[in-house]
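Chain A is the first sequence line, chain B the second, and so forth, proteins listed ahead of strands; every chain is numbered from 1.
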There are 2 protein chains.
Amino acid sequence: MLTFERQHAILNLLQKQKIAKIAELIDATGASESTIRRDLSELERQQKLKRIHGGASLPSRKSDEPGMSEKITAFTKEKERIGALAASYVEDNDSIYIDAGTSTEAMISKITAKNVTIVTNGLNIINTSIQHDFYTYVLGGYVKTGTHAFIGKAAAEAMQKYRFDKAFLGTNGVDLTFGYSTPDPEEAYIKELAIRESQQAFILADSSKLDQTSFTCFGSLKDATLLTDSNKDTLEYLHKLAEQTSVEAVKI
Amino acid sequence: MLTFERQHAILNLLQKQKIAKIAELIDATGASESTIRRDLSELERQQKLKRIHGGASLPSRKSDEPGMSEKITAFTKEKERIGALAASYVEDNDSIYIDAGTSTEAMISKITAKNVTIVTNGLNIINTSIQHDFYTYVLGGYVKTGTHAFIGKAAAEAMQKYRFDKAFLGTNGVDLTFGYSTPDPEEAYIKELAIRESQQAFILADSSKLDQTSFTCFGSLKDATLLTDSNKDTLEYLHKLAEQTSVEAVKI
DNA sequence: ATAAAATGATTGATTTTGATTGTTTGATCG
DNA sequence: CGATCAAACAATCAAAATCAATCATTTTAT
């Protein structure tokens, strides 16, 4: 079993059960105790999980402990870098769609092109977009709890009135055969429409999303350009992806 | 059982029953008395619970403490009072439209009715609405700088797909002959539609808006119930208004 | 073929745990 | 009011579990 696969198996198990014991992880992966411990150390360093005596748990929220702000900025570095890469594709006079999500939010402040119009279905995107004085348009719709994305029939109908030069979307999973996927079917449908209504689509996905699948597929790999980050763990998988679609990866 | 699990189990049990005895916690977790005591010490240090002789209880909230409630009630302003008045009109299962603006924002936290659906075109309203766990729908549209209201053709079209039990709107001016008015024609149009699409409309206006006119009229006095505040200066004007429409005024 | 990286076993150090100890608390009764 | 007793408590200690560091071996990349 590949290191990369194994570490994702650990994170997957952690998402199903909020905590996992070492023995469970050994059982689930077939690796030795030493290897599991090394994985946990590495994943904790990446802030993907939190180690506890006897196993691991999902990372605690930022508000839990004081003095976390530095770690947060370290954790968002990947997203900032990917955001900068995405922003470099935006040209003067573009009309672009920006999907709800934290990855996509990071790109807005990096956009240097002039006279850009931003259309979005994300509450966080609106806030950031008006902060940076972009022409901002909002899809209507039902506000989903959690992601605060505007979805549903109203959002879909509004979407079809626009044509975008480019669309920038987040995702929960990138898989060689299943393509791009996200848990909520309604959200997936909006993403699907965005890809359809845009001349060029980009998927922003940090490396934790690679080799993952969620409930609903919203596009195949070739439908969009994948923007992600590369490190020694993901390099091999990125090569496989590159056979099917165009990939741009920033070094971390 | 892991330390982390056990401590969560303790906090869970405490949320169901506000206090728990040591014996109950031993029974619930299977750990020894020493371990439970250590957990309680640690959790008390984290302010997650309060130890009492024989067990533990939930920590007292700030609002429970003496001297806090007075500060909260003492800090009530005009808009808060008008907001509370407006909120009192909202009934169970209502679908209501809430206009962009600070006056209308104040009413949201005061709504006590159950199963309320909120439709809005205001960025600030969305934020407050989801904070209070209402079913929230958003009109799409162009984001106007300043008020952060969603306006334009898309907003108008979206508006026409809804029928509201009640609509709550802000205004810039209330005038005996010109009615209700606001500077931006696009915003005025959305307000006009909101009044048309609702069974009952309310205008929230603090007394500084009385006897004022703005560029665009969006309704005559009789189209809506005026919610405002009264003092000795405005009393006379309110009487004149009351001849043409229904007025509710809170004493300041 | 060689170097680099990942793995698994082993070791000693650290943490957690439950039992035991003596002390403190709070209720009961004279 | 104070003496008395049982329950609750904190402190300590040894055993068990978990952990980090090390090293030899295997796998992978060049």
Rounded interatomic separation in angstrom, taking [atom1] from [X] and [atom2] from [N]:
| X | N | atom1 | atom2 | answer |
| --- | --- | --- | --- | --- |
| B:R51 | D:dC9 | CZ | P | 6 Å |
| A:E44 | D:dC19 | CD | P | 11 Å |
| B:E42 | D:dC9 | CD | C1' | 18 Å |
| A:H239 | D:dA29 | NE2 | P | 10 Å |
| A:F4 | D:dT28 | CZ | C1' | 17 Å |
| A:R37 | D:dT22 | CZ | C1' | 15 Å |

Reckon A:I52 touches a base, only the sugar-phosphate, or nothing at all at heavy-atom distances under 4.0 Å?
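Sugar-phosphate contact only.
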
Is there a donor-acceptor contact under 3.5 Å from the side chain of [X] to the main chain of [Y]?
| X | Y | result |
| --- | --- | --- |
| A:D165 | A:S198 | no |
| A:S246 | A:A242 | no |
| A:K191 | A:S181 | no |
| B:T29 | B:L25 | yes |

Less than 4.5 Å apart, side chain to side chain, heavy atoms only: is that true for A:F215 and A:D184?
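With C-beta onward as the side chain, the pair stays apart.
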
Through what angle, rounded to 10 degrees, does the axis of the helix from C:dA1-D:dT30 to C:dG30-D:dC1 turn between its ends, using five pairs per end?
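Both end axes considered, the difference amounts to 40°.
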
Short N-O contact, A:D94 and A:K166, less than 4.0 angstrom:
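Yes, A:D94 and A:K166 are salt-bridged.
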
Quick check: are there more than 12 heavy atoms from other residues, nucleotides or ligands sitting under 6.0 Å from OH of A:Y162?
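Enclosed.
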
Going 5' to 3' through nucleotides 14-20 of chain C and flagging B where a protein heavy-atom sits under 4.0 Å of the base, S where only the sugar-phosphate is that close, and - otherwise, we get -SSBBB-

Give me each pair satisfying salt bridge (charged side-chain N to carboxylate O under 4.0 Å, His left out) with a member in residues 193-202 of chain A, each pair once, sequence neighbours excluded.
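For residues 193-202 of chain A, and leaving out neighbouring residues, the salt bridge (charged side-chain N to carboxylate O under 4.0 Å, His left out) pairs sorted by first residue read A:R163-A:E197, A:E192-A:R196.
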
